Structures are given as C-alpha cells and as structure tokens.
Amino acid sequence: MNGFAIVWSERALMLSGLANTVVLSLLGTLASLLLGALLTPVLVSRRRAPAFVALRFVDLMRCTPFLLLAYIVYYGLPSIGLRFDNWGAGLFALVLYNSAYMAEILRGAWMAQPREPIEAGLAFGYSGLRLFRRIVLPPLLLAAGPVIGNQTIQIIKDSAFLTIIALPELTHAASSIQSRRYIPFAAFIVAVFLYWGLCLLVEAAVAFGKRLAEARQ
Amino acid sequence: MSFADVLAILSGALTTIWMSAAGIAIGMPIGLGLALIRWARVPIAGPLVITYVSLLRATPLVTLVLLVFFAMPQLGVTLEPIQAGLLSLVLNTSAFNCEVWRASLLSFPKDQMEAAKSVGMGRVLRFRRIVLPQVVRASLPGLVNEMSLLVKTTPVLAVVGVVEVTRAAVRIGAETYEPLPPFFVALAVYLPIVFVLVSTQRRLERRMARSTAP
C-alpha cells in the first residue's frame with residue numbers, strides 16, 4: 001500500500017495530533033501575550049529593582065534553548081518537588097518562554113509609540129492600570145500585530161519540540177505512525193504540510209488585522 | 001555528578017559549536033544565492049524559491065530532522081545522525097537567511113546602481129564592488145539574530161541521536177537520578193554563546209541606527 005494511503009487510514013491519529021498542536025499554540029499564544037502585556041510596564045518602569053529583574057528574566061529566556069527549558073520543567077523540577085504531567089509541563093514551558101518574547105515585542109512597540117495620547121489620557125484623569133488598558137495597550141497591539149504573528153508561528157514550531165516529553169501533538173502523531181508502519185516520508189511530509197497550512201492561516205489573520213487597523217485610522 | 005560527567009557535557013558542547021558553525025557557514029551563502037534568484041526575478045526558479053522559503057520557515061526543525069533522517073534511506077541515501085542534523089540545519093537556516101538578504105537587497109538604493117552603470121561597471125563588478133559590501137553590512141544584524149536562533153534549535157538534533165550538549169545532559173541525569181545539575185551545566189554552556197550573539201546583534205543595530213540618523 002502506498003504511504004499516503006496508510007497516513008489516510010491513520011487520519012484520526014493525525015487529526016488529533018493537529019488538534020492538540022492547535023490547542024497548545026492557541027493557549028500558549030494567548031497566555032504568553034497576557035503575561036507579556038503584564039510584564040511590559042515592569043520592563044519600562046522607572047523603578048530600578050523590578051525593571052532590572054524583569055530585564056534579566058527576558059534576557060535569560062532569550063538565551064535559553066526552548067528544548068532545554070522543556071527538559072528542565074519536565075524532568076528537572078520534580079526533583080525539587082514540582083511535578084507536572086506532560087501537558088502541564090509543556091504548556092508551562094511554552095508560556096514561560098514566550099511571555100518573555102511577547103514582553104520584549106510589546107516593549108519595542110511601546111518605545112515607538114507617540115507620547116501625546118498618553119499625556120492626553122493623563123490629562124483626562126486616566127491612571128495606572130486603566131490608563132494602560134484603555135489608552136496604551138490598544139494601539140500597541142495593533143502596531144505589534146505582525147511581530148506577534150511571527151511569534152505565534154514560532155510558538156507553533158516550538159510546540160513540535162514537546163514531542164520529546166511525549167506530548168501527543170502533530171509531530172508525535174507522525175512519529176508514532178512512522179514507527180509502526182515504516183512510512184517515514186509520507187508521515188512526516190504530511191505533518192510538514194499541515195504545519196505550513198497553520199502558518200499560512202496565521203499570516204492571513206495578520207494581514208486581515210492589518211487591513212482592519214488601516215480602516216480604523 | 002562527577003568530573004567525567006562535566007567533561008562529557010563539554011565534549012557535547014564541541015559538537016554543538018562545530019555543527020552550529022558549519023550550519024551557519026554553509027547556510028548563509030545559500031541564503032544569499034536564493035535571495036539573488038528572487039531579486040533577479042529568475043523565471044521558474046524565483047517562484048520555487050518563494051515556495052521553498054515559505055515551507056521551510058513553517059517547518060519545525062524537529063519534524064524536518066526526523067523527515068531527513070528517516071525518509072532519506074527510502075530514497076536510497078543513508079545518512080549518519082550528524083549528516084542528517086547538519087543537512088536539516090542548513091535547509092532551515094538558508095530559508096531564514098534568504099529573507100534577511102532579500103530585505104536588504106530590496107532596500108538597496110537604485111541611484112547607486114545607475115551611478116555604477118554610468119561609469120561603465122559591468123553586472124558582476126557592480127554586484128561585487130557596490131551592492132555586496134553594503135548589503136552585507138545591512139544584513140548583519142538579521143544574520144546574527146538568525147545565528148542565535150540556530151544555536152538555540154540545535155538541541156533538537158538529539159532526537160535522531162546526535163550527542164550534543166542537551167543529550168549528554170539528559171543521559172547523565174538519567175544515570176545519576178539527579179537531572180537538575182547536568183541541565184544547569186548545559187544551560188551554562190548555551191548562555192554565554194547565545195548571549196554573545198544577542199549582544200553583538202544589539203550593538204550592530206545601535207551602530208546602524210546611529211549611522212543612518214540625520
């Protein structure tokens with residue numbers, strides 16, 4: 001039987017892997033965007049100590065390979081009493097790692113924003129969290145949209161690394177089909193094309209968001 | 001964890017370093033070649049490069065290295081883990097490098113080309129003496145960024161059996177039942193390497209911002 005026909009006969013496994021990849025990437029993106037948005041004001045804060053700690057955290061994550069972090073969370077942390085199952089470990093590592101990148105992306109966009117709307121917001125009596133949520137964040141997200149899209153693609157690709165901690169995502173499904181049925185080419189090429197499809201979807205969403213942002217101006 | 005274990009991780013570090021260096025050295029000129037094919041709008045090859053770059057940029061390295069390692073024997077080519085790993089690194093990084101090179105080629109000022117033409121420079125000379133030096137400089141921050149990304153994805157090569165830093169650390173952790181110490185040694189290997197690349201990139205970006213400022 002042809003390799004692709006075998007993959008088709010195993011489509012239930014392949015699709016559940018794809019669904020898990022989508023869930024992981026979606027949860028990972030949303031949670032790290034949220035945490036990143038909380039971390040950004042700390043990064044640009046004038047208070048030295050918290051800003052210093054936040055900066056070191058971002059630098060540490062930027063210099064660590066994601067796979068090593070996943071290993072540390074899954075195999076290393078249990079020895080100090082923190083035990084996760086593979087979903088918990090995978091999501092924790094994914095969010096911890098990418099929230100640093102999201103914070104850095106939002107910080108970059110923040111620095112490029114004009115001061116005037118913030119001054120106007122202050123003059124209208126906005127302050128603290130309300131100022132950040134209503135005045136600072138919306139144009140920030142619109143300006144950073146394409147870069148956040150790139151990071152989402154990065155998260156989709158990072159989620160494939162979690163196959164090493166036996167998380168049943170797309171690459172894991174392809175591996176399991178190839179090891180039982182000996183059809184490496186068909187199994188992995190189908191996975192590659194599914195990843196490609198996901199990334200093209202993200203790119204389309206970014207383009208759509210950009211048009212929306214232009215229409216608002 | 002014994003002294004011999006630390007040495008085992010450090011010998012893994014040598015593998016990580018030489019494979020990263022080889023991947024960068026081979027992938028960078030290939031990326032430039034691909035970017036030039038797109039820049040020159042070569043028929044057939046141009047659209048092929050677009051597809052190649054889009055596909056490779058969307059493929060996780062772990063999926064790619066599994067594909068290369070397990071599927072190549074089906075085509076009659078048996079690869080050692082190291083060879084499969086290096087081939088995957090090159091395929092992956094050349095696609096990203098192509099985008100970096102292309103961006104700086106696209107922003108290259110047209111008037112300089114006209115000026116070079118007007119003093120009678122041929123195509124090759126124009127590229128070698130006028131375009132290349134400036135494009136290399138404009139691409140450097142992006143290329144260094146890509147280098148740090150490449151170093152950070154090398155642990156993935158362990159899935160096909162390349163014994164680099166992370167795999168050496170996992171093995172020691174499994175033998176001693178104390179996984180954290182070898183992981184921290186591994187981290188101590190990666191941090192300075194990636195940190196040097198990341199801060200070089202920042203310095204280059206600052207220098208470029210200064211030189212283009214009015």
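On a predicted model such as this, the values are computed, not experimentally measured, just so you know. Just so you know, these numbers use all the heavy atoms, side chains as well, and skip hydrogens, waters and symmetry mates. Residue numbering restarts at 1 for every chain, and letters A, B, ... go by the order of the sequence lines.
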> Between A/Gln154 and chain B, which part of the residue has a heavy atom less than 4.5 Å away: side chain, backbone, both or neither?
Replying inline: neither

> How would you list, in number order, the residues of residues 166-181 of chain B that have a heavy atom less than 4.5 Å from chain A?
Replying inline: B/Thr166, B/Val170, B/Pro179, B/Leu180

>> Looking only at heavy atoms and a cut-off of under 4.5 Å, which of A/Phe185, A/Phe188, A/Phe66 has the most pairs with chain B?
In response: A/Phe188

> For A/Ile164, is it the side chain, the backbone, both or neither that has a heavy atom under 4.5 Å from a heavy atom of chain B?
Replying inline: side chain

> Just wondering, are more than 12 heavy atoms of other shown residues or ligands nearer than 6.0 Å to CD in B/Glu80?
Replying inline: no

> How about A/Arg11: does its CZ atom have over 12 heavy atoms from other parts shown lying under 6.0 Å from it?
Replying inline: yes

> With distance as the sole test, does B/Lys152 use its side chain to make a donor-acceptor pair with the main-chain N or O of A/Leu67 at under 3.5 Å?
Replying inline: no

>> As an exercise, state the distance from CG of A/Leu69 to CZ of B/Phe183, rounded to the nearest 0.5 Å.
In response: 10.5 Å

> How about A/Arg48: does its CZ atom have over 12 heavy atoms from other parts shown lying under 6.0 Å from it?
Replying inline: no

> Considering the options B/Val62, B/Leu66, B/Val159, which one meets the side-chain contact (heavy atoms from CB on, under 4.5 Å) requirement together with A/Ser175?
Replying inline: B/Leu66

> Would you say A/Phe57 has more than 12 foreign heavy atoms packed within less than 6.0 Å of its CZ?
Replying inline: yes

> Between B/Phe70 and A/Pro184, which heavy-atom pair has the shortest distance, and what is it?
Replying inline: O-CG, 3.1 Å

>> Need one label for B/Ser54: side chain, backbone, both or neither, based on atoms under 4.5 Å from any heavy atom in chain A.
In response: both

Donor-acceptor contacts, no H, no angles, side chain residues 84-93 of chain B, under 3.5 Å, sequence neighbours left out:
{"from": "B/Ser88", "atom 1": "OG", "to": "B/Ala84", "atom 2": "O", "distance (Å)": "2.7"}
{"from": "B/Thr93", "atom 1": "OG1", "to": "B/Glu146", "atom 2": "OE2", "distance (Å)": "3.0"}

>> Give me the atom names and distance for the closest heavy-atom approach of A/Lys157 to B/Pro60.
In response: O-CB, 3.7 Å

>> So which residue, B/Val156, B/Leu56, B/Leu64, ends up with the most heavy-atom pairs under 4.5 Å with chain A?
In response: B/Val156

> Are B/Thr59 and A/Trp196 linked by a side-chain donor-acceptor pair shorter than 3.5 Å?
Replying inline: no

> Under a 4.5 Å heavy-atom cut-off, does chain A meet the side chain of B/Ser148, its backbone, both or neither?
Replying inline: neither

>> For A/Phe208, I'd like to know if atom CZ has over 12 heavy atoms of other residues, nucleotides or ligands within 6.0 Å.
In response: no

> Just how far is it from atom CZ of A/Arg62 to atom CG of B/Leu197, taken to the nearest 0.5 Å?
Replying inline: 11.0 Å

>> Can you tell me if A/Trp8 has over 12 outside heavy atoms packed within less than 6.0 Å of its CH2?
In response: no

>> For a 4.5 angstrom cut-off between non-hydrogen side-chain atoms, does A/Thr64 reach B/Leu187?
In response: yes

> CZ of B/Phe108: more than 12 outside heavy atoms within 6.0 angstrom?
Replying inline: yes

>> Is it the case that over 12 heavy atoms from other parts of the model lie below 6.0 angstrom from the CG atom of B/Leu106?
In response: yes

> Checking heavy atoms, do the side chain of A/Asp59, its backbone, both or neither come under 4.5 Å from chain B?
Replying inline: side chain

> Just one of A/Leu170, A/Leu194, A/Thr171, A/Thr163 clears the side-chain contact (heavy atoms from CB on, under 4.5 Å) bar with B/Thr63, so which one?
Replying inline: A/Thr171

> Top residue by heavy-atom pair count (under 4.5 Å) with chain A, among B/Val194, B/Ile193, B/Leu55?
Replying inline: B/Leu55

>> For B/Thr51, which atoms come within 4.5 Å of any heavy atom of chain A: side chain, backbone, both, or neither?
In response: both

> So, for A/Tyr182 and B/Gln74, which heavy atoms are closest and what is the spacing to 0.1 Å?
Replying inline: O-NE2, 4.0 Å

